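First up is the structure itself, then whatever we jot down about it.
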Amino acid sequence: MKIIRRSTHFLFALSLIFACKNTQKDQTPNSGSEVKAVSTERTPTAPILVDPPQDIKAPEGMVWIPGGTFEQGAVSHDEMAMGHENPAIPVTVNGFFMDVHEVTNADFKKFIDETGYVTVAEREIDWEEMKKQLPAGTAKPHDSIMQPGSLVFKKTKNPVPNLYDFSQWWEWKIGANWKQPHGPGSDLSGKENNPVVHISYDDAMAYCQWAGRRLPTEAEWERAARGNQRNKTFSWGDDHSTLAKMANTWNGNFPVNNTKADGFELRADVGSYPPNDYGLYDMAGNVWEWTNDWYNTDYYKQTKQGGNVLINPTGAEVPYNERDPYARERVIKGGSFLCSASYCASYRISARMATSLDSAQEHLGFRTVVTPEMFGNTRE
């Protein structure tokens, strides 16, 4: 399931989806020729940690991800791999702790109750700030629509011949947010253990600051998802036939009919499917997850040209999306309950998409990480 991108024909909904409240963009789009995608390599401040330090206890709800070197990006036999996942690059990361599952509604509520934080989807829309992210001359939508809200999925009544026209299955819902995931009248009853959604990058960062944690880099996320599955497409191996037993994705004719062969139509409680080698749940499907890396279409290509093993890479130096040169987006990983084999199969380990920092949607959440040097600032 591809994450939503801006487009001229969808500008009306776009203006609401990407309501800029905390971030700004350059007034002119980037040019691919002007962009250097490769980040500066970081030299580890300590030896690569394979085993956790003996004097550190794993925080509750987290597991240790051993450090090491691996190939980040698409494996050679992945026929669904997209251009921005290639070519694979050698990467080394230090060991770290990671949440065993996505941050849940119950987890996020604790943060809200203690801090009073208001998510981006709940805030009033500032047109003067928002239009800085749009092409010059973009018309302001009617005031009746310029209200807080988020994107909610809607099934179509008939088959969709053009799966690139994502406006057919997304609806801007005024009043939709993390505590009203389907808009006014919906709530979290019985969904306390669902992953929290309608979370923007800014919201995830605010939670991390409160918890004394951070978002994973793309390299860390992929290292964790891969586990011991070297040269495998999925976090459980290469067997696509077991998908319904391993992940919450779309089964059937997307976006018309979901057979629920995996047991769910929308989000599932965390831990509903088997964990990977490292004891992590939902590293495929359920909801997309934020990483801290800028999205750059050419990141893998330019990194490969450097010919070096990247040490604890933090992603592209600058954001660039060749399909949306005005965008400043972060990488998201893992796919969601809307991912279909007939569309993008983003439940693959190497799958990656881009979304704006202030975008909040029904299938987008996050999980956190902690490195040994961060201890002392975390909430137990």
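We use all heavy atoms of the structure for the numbers below, so side chains are in, but hydrogens, waters and symmetry mates are not. Since we're looking at a predicted model, the values are computed, not measured.
- Residue pairs meeting the salt bridge (charged side-chain N to carboxylate O under 4.0 Å, His left out) criterion with at least one member in residues 86-102, sequence neighbours excluded: Asp99-Arg213.
- For Tyr201, the ring-ring contact (aromatic ring centres under 6.0 Å, His included) partners two or more places apart in sequence, or in a different chain, are Trp290.
- Residue pairs meeting the salt bridge (charged side-chain N to carboxylate O under 4.0 Å, His left out) criterion with at least one member in residues 285-296, sequence neighbours excluded: Glu289-Arg367.
- Checked against side-chain contact (heavy atoms from CB on, under 4.5 Å), Lys245 has no partners two or more places apart in sequence or in another chain.
- Sorted by first then second residue, the salt bridge (charged side-chain N to carboxylate O under 4.0 Å, His left out) pairs that include residues 79-88, not counting sequence neighbours, are Glu85-Arg348.
- With respect to Glu122 and Lys179, a salt bridge is recorded, a charged nitrogen being found less than 4.0 Å from a carboxylate O.
- Taking Trp294 as the reference, nothing meets the ring-ring contact (aromatic ring centres under 6.0 Å, His included) condition, with sequence neighbours excluded.
- With sequence neighbours excluded, the residues forming a side-chain contact (heavy atoms from CB on, under 4.5 Å) with Asn228 are Asp277, Tyr278, listed by chain and number.
- In this structure Ser150 satisfies the side-chain contact (heavy atoms from CB on, under 4.5 Å) test together with Ala121, Ala176, His198, Ala360, sequence neighbours excluded.
- In this structure, the ring-ring contact (aromatic ring centres under 6.0 Å, His included) partners of Phe97, at least two apart in sequence or on a different chain, are Trp64, Phe375.
- Within the structure, salt bridge (charged side-chain N to carboxylate O under 4.0 Å, His left out) pairs that include any residue of residues 265-276 comprise Lys155-Glu265, Arg267-Glu362 (at least two apart or interchain).
- Scored by the side-chain contact (heavy atoms from CB on, under 4.5 Å) test, Asn86 finds Ala74, Ala81 as partners (sequence neighbours excluded).
- Annotation: ring-ring contact (aromatic ring centres under 6.0 Å, His included) contacts of His240 (sequence neighbours excluded): Phe234, Tyr347.
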